[in-house]
Amino acid sequence: LVIAGDSAGGNLTLATALSLRDAHQPLPKALVLFSPVTDFAWTGDSILSNSKRCSMFTHSILPSGTKQYLARHDPRDPLASP
């Protein structure tokens with residue numbers, strides 16, 4: 001089994017692998033991640049430094065997308081921000 005995901009799908013791919021690991025289940029043979037979102041708490045410097053490089057995911061729009069994606073879930077949960 002190989003699991004792949006892009007953007008938030010990359011986040012879900014990582015969360016799935018972590019959940020399988022924590023449940024002592026067989027792990028995928030590989031994960032394929034394309035620009036995965038790995039930090040919904042936005043703690044890294046790249047959120048600001050890359051904001052002008054991308055017309056779709058800017059520093060001003062990411063918090064509202066995060067709110068929709070996570071609802072009220074803690075962005076620092078390892079399954080939300082692997």
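We number each residue from 1, following the sequence as shown.
- Between the side chain of D39 and the main chain of W42, a donor-acceptor pair closer than 3.5 Å is present.
- Side-chain contact check for L12 versus Y69: some heavy-atom pair is nearer than 4.5 Å.
- Looking at every heavy atom in both residues, A80 comes nearest to P75 through CB-O, 4.1 Å.
- In terms of heavy-atom proximity, A17 sits nearest to L31 at CB-CD1, 3.8 Å.
- For D22, the CG atom counts as densely surrounded, since its 6.0 Å shell holds more than 12 non-hydrogen atoms of other residues, nucleotides or ligands.
- The minimum heavy-atom distance between L20 and P26, with the atom names listed, is CD1-O, 4.0 Å.
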Please assess V32 against V2 for the test side-chain contact (heavy atoms from CB on, under 4.5 Å), listing each intermediate value before the final yes or no.
-> CA-CA 7 Å; V32 181; V2 173; 3.9 Å; yes
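- For the atom pair CG of L14 and CG of L33, the computed distance is 4.5 Å after rounding to the nearest 0.5 Å.
- Two residues are said to be in side-chain contact when any heavy atoms from C-beta on lie closer than 4.5 Å; T13 and P36 fail this criterion.
- Within the 4.5 Å cutoff, side-chain heavy atoms of R21 are placed close to those of L27.
- Once rounded to the nearest 0.5 Å, the distance linking CG of N11 with OG of S81 reads 7.0 Å.
- Between L79 and H73 the shortest side-chain heavy-atom distance does not fall below 4.5 Å.
- The structure places OG1 of T66 at 9.5 Å from CD of Q68, a figure rounded to the nearest 0.5 Å.
- Under a hydrophobic clustering in which Ile, Leu, Val, Met, Phe, Trp and Tyr are joined whenever their side-chain heavy atoms come within less than 4.5 Å, directly or via other members, V37 and L70 fall into the same cluster.
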